[in-house]
Amino acid sequence: MALRTKPRAALVHARTAGWRVARPVRTRVDWLASRRDRADVAVFHEYAPPPSGGGNQFIRALTNELRRRGLTLEANRISGGTGACLFNSFNFDFARLRRFARDDVRMVHRVDGPIGVYRGFDDGTDRRILELNRAFANATVFQSRYSLDKHRELGLELGAPVVIPNAPDPAIFHRPAERAPLAGRKFRVIATSWSMNARKGGDVLAWLDEHVDDDRYEVTFAGQTELRFDRIRIVGPLASEPLAELLREHDVYLAASRDDPCSNALLEALACGLPAVFLRSGGHPELVGEGGIGFDELEELPGVLDRLAGELEERRAAIRVPTLGDVADRYLEVLRG
């Protein structure tokens, strides 16, 4: 076994070392090639194929909206004629940004978290984001007032802050043309999550699975989880279009995550016309407003569901979701200074 393992380890080491050598060389070649080019906005973000997390989904929606307006965008480089750059949290190649950044480019940093609070542990990511922000950012976009205040509470002062919430793509996440009447069927509740982070609300779902009145309520979870439920139906991760269709088949969204600064999953559900039952944590109260009812303790959840079922139309009418167009306008204002 050892004889077979050593060559494999050596091969992996050689490939890794080769990648580390090749990456700065490739960056240098790209930098030289970009000097005569230009774009309206450069975006530094490590894109992931769908289905993927909420931050990735929002960046895709935002960049698609900017392209629809006729703006030219470039990814992970800043050409010689490009005057503005949006770099996303820590989800990109730091060394590459350092190589391309220039004093005459307006640099806008979109941040998340605080990451240590959101994840439940501190691995130094927030400090690295702070260092990057201080080195390059002319302005900082926070996704919620909660996120800005929490950073300040922890002594993480980022430059020139503004608050701009996320927004879902209205071509995908929108209200249905009509809804199935409630009479004669169960009240449909749905929760969604791409991340398997325990703070995404697994404990709330596990408690609800034990205590839900399944004569009245039908509960669905769509996403990734290691949990197994007796009463809650599990649907695997879905791309945006089928996820939006599934949301529109339900009546209420359950937002159970903790310290979530600006839940894209919650915004997508609200955009599909689902009032929310939400844990009073993170940015949830800001996003929901009067379009749902909050809870603090698990034992409150059955009563909150019952109340929301009785106030469904009133709460649905109170939903207010930021439009992607307005959000794009605000990003452009910051990018243009």
Side-chain angles (χ1 to χ4, degrees), residues 51 53-54 117-121 146 179-238 242-261 263-270 272-285 287-288 291-316 319:
V117 175
Y118 177 61
R119 290 177 174 173
F121 61 89
Y146 158 81
R179 294 187 178 275
L182 290 175
R185 66 170 177 85
K186 296 180 181 181
F187 199 64
R188 298 169 184 164
V189 181
I190 186 169
T192 65
S193 175
W194 166 252
S195 172
M196 295 181 68
N197 183 343
R199 297 176 66 79
K200 280 293 188 178
D203 59 327
V204 177
L205 289 168
W207 188 93
L208 187 62
D209 187 57
E210 292 184 16
H211 296 87
V212 67
D213 181 353
D214 53 5
D215 289 330
R216 297 187 60 197
Y217 296 100
E218 175 185 295
V219 184
T220 299
F221 172 78
Q224 300 187 106
T225 182
E226 294 178 341
L227 299 175
R228 294 295 176 263
F229 302 118
D230 293 324
R231 301 176 183 177
I232 295 176
R233 177 175 67 120
I234 297 177
V235 177
L238 298 172
L243 176 61
E245 292 177 6
L246 182 64
L247 287 170
R248 285 189 284 269
E249 294 172 1
H250 286 76
D251 304 305
V252 166
Y253 185 78
L254 172 61
S257 56
R258 285 177 168 77
D259 300 311
D260 207 333
S263 169
N264 284 276
L266 172 56
L267 284 170
E268 290 166 356
L270 291 169
C272 289
L274 276 65
V277 172
F278 62 94
L279 184 66
R280 290 192 185 97
S281 178
H284 292 346
L287 301 183
V288 177
I293 304 174
F295 67 96
D296 297 298
E297 304 296 335
L298 292 174
E299 292 74 18
E300 299 175 52
L301 191 48
V304 171
L305 277 172
D306 289 346
R307 179 183 166 192
L308 188 53
E311 300 176 9
L312 184 62
E313 294 304 325
E314 174 188 345
R315 297 292 178 173
R316 183 177 291 148
I319 292 173

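Atom set for the values below is all heavy atoms of this structure, side chains included, hydrogens, waters and symmetry mates excluded.
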Close side-chain approach of [X] to [Y], heavy-atom, < 4.5 Å:
X	Y	result
T225	K200	no
F221	R233	no
V219	F187	no
I232	L205	yes

Atom of [X], atom of [Y] and distance for their closest heavy-atom approach:
X	Y	answer
A222	L246	CB-CD2, 4.0 Å
P261	Y118	CD-CD1, 4.0 Å
C272	R179	O-NH2, 2.7 Å
V204	F295	CG1-CZ, 4.2 Å
L279	A256	CD2-O, 3.7 Å
H284	D260	CE1-CB, 3.9 Å

Fill in: Step-by-step side chain to side chain contact (heavy atoms under 4.5 Å, CB included) determination, L208 to L254
CA-CA 11 Å; L208 187 62; L254 172 61; 3.9 Å; yes

So, taking the atom named [atom1] in [X] and the one named [atom2] in [Y], what distance separates them when rounded to the nearest 0.5 Å?
X	Y	atom1	atom2	value
R199	R119	CZ	CZ	12.5 Å
R316	L270	CZ	CG	11.5 Å
R188	L247	CZ	CG	13.0 Å
T220	I190	OG1	CD1	5.5 Å
L305	D213	CG	CG	10.0 Å
S263	E268	OG	CD	8.0 Å

State whether [X] and [Y] are salt-bridged, where the test is any N-O pair (Lys NZ or Arg NE/NH1/NH2 against Asp/Glu carboxylate O) under 4.0 Å.
X	Y	result
R248	E245	no
R216	D306	yes
D209	R231	no

Sidechain-backbone polar pair: [X] side chain, [Y] backbone, donor-acceptor under 3.5 Å:
X	Y	value
H211	L301	no
R315	P275	no
Y253	L267	no
R280	I293	no

Discussion item. Under 3.5 Å, is there a donor on one side chain and an acceptor on the other for S281 and Y146?
Written reply: no

Item to complete: Kindly determine whether V235 and T192 satisfy side chain to side chain contact (heavy atoms under 4.5 Å, CB included), including the steps that lead there.
Response: CA-CA 9 Å; V235 177; T192 65; over 6 Å; no

Discussion item. As a quick check of understanding, evaluate side chain to side chain contact (heavy atoms under 4.5 Å, CB included) for D251 and V189, giving each step before the final call.
Written reply: CA-CA 6 Å; D251 304 305; V189 181; over 6 Å; no

Discussion item. Test side chain to side chain contact (heavy atoms under 4.5 Å, CB included) on D203 and R258; report intermediate values, then the result.
Written reply: CA-CA 11 Å; D203 59 327; R258 285 177 168 77; 3.0 Å; yes

Discussion item. Taking side-chain contact (heavy atoms from CB on, under 4.5 Å) as the definition, give me every residue that meets it alongside E297, ordered by chain and number, with sequence neighbours left out.
Written reply: E299, E300

